Each structure stands twice: as C-alpha cells, then as structure tokens.
Amino acid sequence: MAGAGIHPYHNQWPPAPVPPPATATSAAAPLPPPPVHHPPFSTHDEVRTIFITGLPEDVKERELQNLMRWFPGFEASQVNYKGEKLMGFALFSTAQLAVAAKDALQDMIFDAESKSVLHIEMAKKNLFVKRGIVADSNSYDQSKRLRTGGDYSHSAYTTPTPFHPPPVPVWGPHGYLAPTPPYDPYGGYPVPPVPMPTPTPAPAPSSYVPVQNTKDNPPCNTLFIGNLGENINEEELRGLFSAQPGFKQMKILRQERHTVCFSNLQDLNSASNVHHSLQGAVIPSSGSVGMRIQYSKNPFGRRKDSNYSVASPSANGAPPALTYQ
DNA sequence: AGCACA
C-alpha cells in the first residue's frame with residue numbers, strides 16, 4: 001500500500017545548493033569562476049553592471065539575456081520597460097568583464113529591421129539581484145523582471161566546446177552587420193550566437209523556488225496552479241503538465257492580473273504526485289517565480305453547485321449522504 | 001491571492 005509512491009520527479013528543491021550531476025569535466029584546466037550564484041555581499045563594491053539603450057521597443061528580456069549570456073562573467077540581465085525609453089541592464093562578475101562586454105556590444109546593430117543600434121554605458125549602480133527576482137536599487141517595480149544566468153551557463157564559455165563559437169570576436173568592433181545583409185549575419189560561423197530554444201517542451205522545470213503554500217484544499221484529482229507570472233507561455237505550461245504521469249487535461253485561464261491553470265489528472269494519486277513534484281517549479285516564461293500548486297476547490301467532474309447532496313448516485317457505492325446544506 | 005469546465 002503506501003510507501004511505494006515512487007515517482008520519477010522526486011523534486012523537493014534542495015534547500016542547499018546541491019552539486020550538479022558532474023558531467024565528466026576534468027577540473028584540470030583553470031576554469032573561469034562560476035557565473036551564477038553570486039552572493040549579494042560582494043567584497044568589491046565596484047560597478048560591474050552595464051547600462052544598455054537602443055533596444056527595440058518589442059525586445060524581450062529573453063532576447064537580451066540570450067545575447068548577454070555569451071559574454072564571460074555574465075550573471076543577470078534585466079529590461080526596464082517603465083520609462084519612456086527602454087533600458088537594459090546586465091550584471092557581470094567583475095567590472096573588467098563588464099567593460100569587455102560593453103566594448104564588444106558598443107554600437108552593435110541589435111535589430112537590423114528596426115534599425116536598433118545599441119549604446120552601452122557603465123551603469124550608475126549595480127543591478128540588485130535578489131534570489132532570482134530583482135529590483136534596481138532605485139525602485140522596485142513589477143514591470144521589471146530579471147533573468148539570471150541560470151543553468152545554461154555551463155555550456156557557454158566555461159567549456160570550450162568545438163561547436164560553440166567564441167562569442168566576443170563575432171560581433172567585433174562596431175557593426176559587424178553590413179547595412180542590411182539578408183543572409184547569415186554571423187559571417188562564417190556555422191552556429192548563431194543564440195542557440196535555438198529547444199522546440200520540444202522540456203518537461204523539466206528549469207529550477208525550483210520555495211513556495212509557502214499557506215492553505216490547501218482537500219486532495220482531489222485536479223490541481224489549481226497559480227503564481228505563474230505575467231508572461232507565462234501557455235505552450236510551455238501545457239508541455240510541462242501534459243508530460244506528467246496520469247495527466248488527463250488542463251485548462252489555462254487568463255485573468256486580468258493573474259493567469260491560473262487547472263490540471264486534471266486521472267486519479268488522486270497522480271494529482272498528489274504532481275502537486276508535490278512541481279510545487280515551486282519555475283519555467284522560463286514564468287520569469288523567476290515559482291508556481292504555486294493547490295488542489296482545486298472544484299475538482300473536475302464534480303459540479304460546483306449541488307442542491308441536494310452528491311448529485312451522482314452512480315456506481316461508487318456511496319449512499320446518498322444526508323446533508324442539509 | 002487569483003478556482004473553470006462539465
């Protein structure tokens with residue numbers, strides 16, 4: 001009976017940084033410092049953040065991040081959509097690396113279509129990274145979301161894999177782009193600097209964040225998922241939940257302020273497993289917030305408003321309960 | 001915190 005509830009996703013977000021599954025990286029060669037997980041208390045108070053203007057209006061945070069991630073020392077980036085002009089920030093591990101990225105990106109044509117040319121300066125202050133979510137030191141604002149280096153950092157420059165181009169020289173000094181080349185802008189490099197996001201919905205969340213699940217509802221076959229972030233991608237969400245064992249169907253509800261989701265599983269046990277294994281899961285489009293999972297108040301298959309007790313005396317053998325309510 | 005659909 002109980003005790004055999006082994007499910008493939010035994011995630012319970014280890015509270016301490018768990019050493020990643022060491023892929024046979026021999027630590028013989030001197031590796032650059034790990035780009036992420038920089039403690040907030042940096043010993044140096046030097047500015048190691050660059051300030052980016054000239055981004056196209058429809059720039060996505062992910063685009064900036066995918067650009068920045070190729071630069072050594074990149075830790076986190078952020079787009080501020082608040083002001084009249086877009087501002088981007090990117091934090092590096094050292095001021096020197098920030099300057100290097102600044103110089104490499106200076107006057108780069110970010111988007112030939114919209115004629116966007118980047119202008120980079122050193123920021124006035126460092127980007128403030130707070131456990132994945134960030135605020136500029138000046139103001140905290142919901143319209144700003146931060147993307148940290150994340151778990152892909154291992155594949156970029158830490159290991160000189162042959163198929164990854166060394167990023168910096170690609171867009172060398174000033175406008176590696178010809179006026180408007182309709183062809184491969186990465187001149188000679190077989191691989192674009194921004195890897196294609198894997199089209200297959202990765203059923204594994206990118207990370208987990210502790211969630212305080214204040215109160216839950218009685219266990220049932222349907223899960224209510226909230227705290228999904230404003231820019232949640234439905235496909236991504238669907239991909240995640242539909243890959244869970246016992247998945248039956250789901251419904252995504254876009255509301256004014258919060259998008260929520262209902263995931264219906266074949267039985268209570270499956271729902272319980274997912275409830276546990278995905279609690280606090282973070283997927284890329286949710287920003288850096290972890291989803292909150294609760295059992296639904298209205299499990300699938302049961303009517304919300306029942307006038308007289310349980311309104312389905314089907315073959316469950318349950319006698320009609322006497323409920324005066 | 002935000003709980004629809006049958």
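Remember, it's a predicted structure, so these values are computed and weren't measured experimentally. We name chains A, B, ... by the order of the sequence lines, and we start the count at 1 in each one. Below, all heavy atoms of this structure are taken into account, side chains as well, without hydrogens, waters or symmetry copies.
Applying the side-chain contact (heavy atoms from CB on, under 4.5 Å) criterion to A:Pro56, with sequence neighbours excluded, gives A:Asp58, A:Val59, A:Phe110, A:Asp111, A:Ser114, A:Ser116. Residues forming a ring-ring contact (aromatic ring centres under 6.0 Å, His included) with A:Phe241 (at least two apart in sequence, or on another chain): none. Every side-chain contact (heavy atoms from CB on, under 4.5 Å) that A:Ser242 has, sequence neighbours left out, goes to A:Phe247.
At a non-hydrogen distance threshold of 4.0 Å, A:Asn217, A:Thr222, A:Phe224 from residues 217-225 of chain A come into contact with DNA chain B.
Side chain of A:Ser207 to main chain of A:Val282: no donor-acceptor pair is present (N/O by atom type, distance under 3.5 Å, no hydrogens or angles). Side-chain N or O atoms of A:Asn126 include one that pairs as donor or acceptor with a backbone N or O of A:Glu46 at under 3.5 Å.
Here the nucleotide nearest the side chain of A:Phe300, chosen from B:dC3, B:dC5, B:dA1, is B:dC5. Looking at the side chain of A:Gln255, the nearest of the listed nucleotides B:dC5, B:dC3, B:dA1 is B:dC3.
In this structure, A:Phe300 shares a hydrophobic cluster with no other residue, the cluster being traced through Ile, Leu, Val, Met, Phe, Trp and Tyr side chains under 4.5 angstrom apart.
If you check every strand for non-hydrogen atoms under 4.0 Å, A:Asn227 touches a base.
Computed from coordinates, the A:Tyr295 OH to B:dA4 P distance equals 20 Å when rounded to whole Å. Separating the NE2 atom of A:His258 from the P atom of B:dA1 is a distance of 10 Å, rounded to the nearest angstrom. In this structure, CE of A:Met291 is placed 17 Å from P of B:dA1, rounded to the nearest angstrom. Here the C1' atom of nucleotide B:dA4 and the CD atom of A:Glu234 are 14 Å apart, to the nearest Å. Taking atom CD of residue A:Gln249 and atom C1' of nucleotide B:dC5, one finds them 8 Å apart after rounding to whole Å. Residue A:Glu230 contributes atom CD, which lies 17 Å from atom P of B:dG2 at whole-angstrom precision. Going from atom CZ of A:Arg292 over to atom P of B:dC3 covers 12 Å, rounded to whole Å. Between the P atom of B:dC5 and the CG atom of A:Leu253 lies a distance of 7 Å, rounded to the nearest Å.
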Got a list of side-chain donor-acceptor pairs under 3.5 Å for residues 249-256 of chain A, not counting sequence neighbours?
from: A:Gln249; atom 1: NE2; to: A:Asn264; atom 2: OD1; distance (Å): 3.3
from: A:Arg254; atom 1: NE; to: A:Glu234; atom 2: OE2; distance (Å): 2.9
from: A:Arg254; atom 1: NH1; to: A:Thr259; atom 2: OG1; distance (Å): 3.1
from: A:Arg254; atom 1: NH2; to: A:Ile232; atom 2: O; distance (Å): 2.8
from: A:Gln255; atom 1: NE2; to: A:His258; atom 2: O; distance (Å): 3.2

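For A:Phe262 and B:dA4, the ring-to-base geometry satisfies the stacking test (centroid distance below 5.5 Å, interplanar angle below 30°).
Judged by distance alone with a 3.5 Å cut-off, no donor-acceptor contact links the side chain of A:Arg254 to the base of B:dG2. In the interface, the side chain of A:Arg257 is not paired with the base of B:dA1 through any donor and acceptor atom under 3.5 Å apart.
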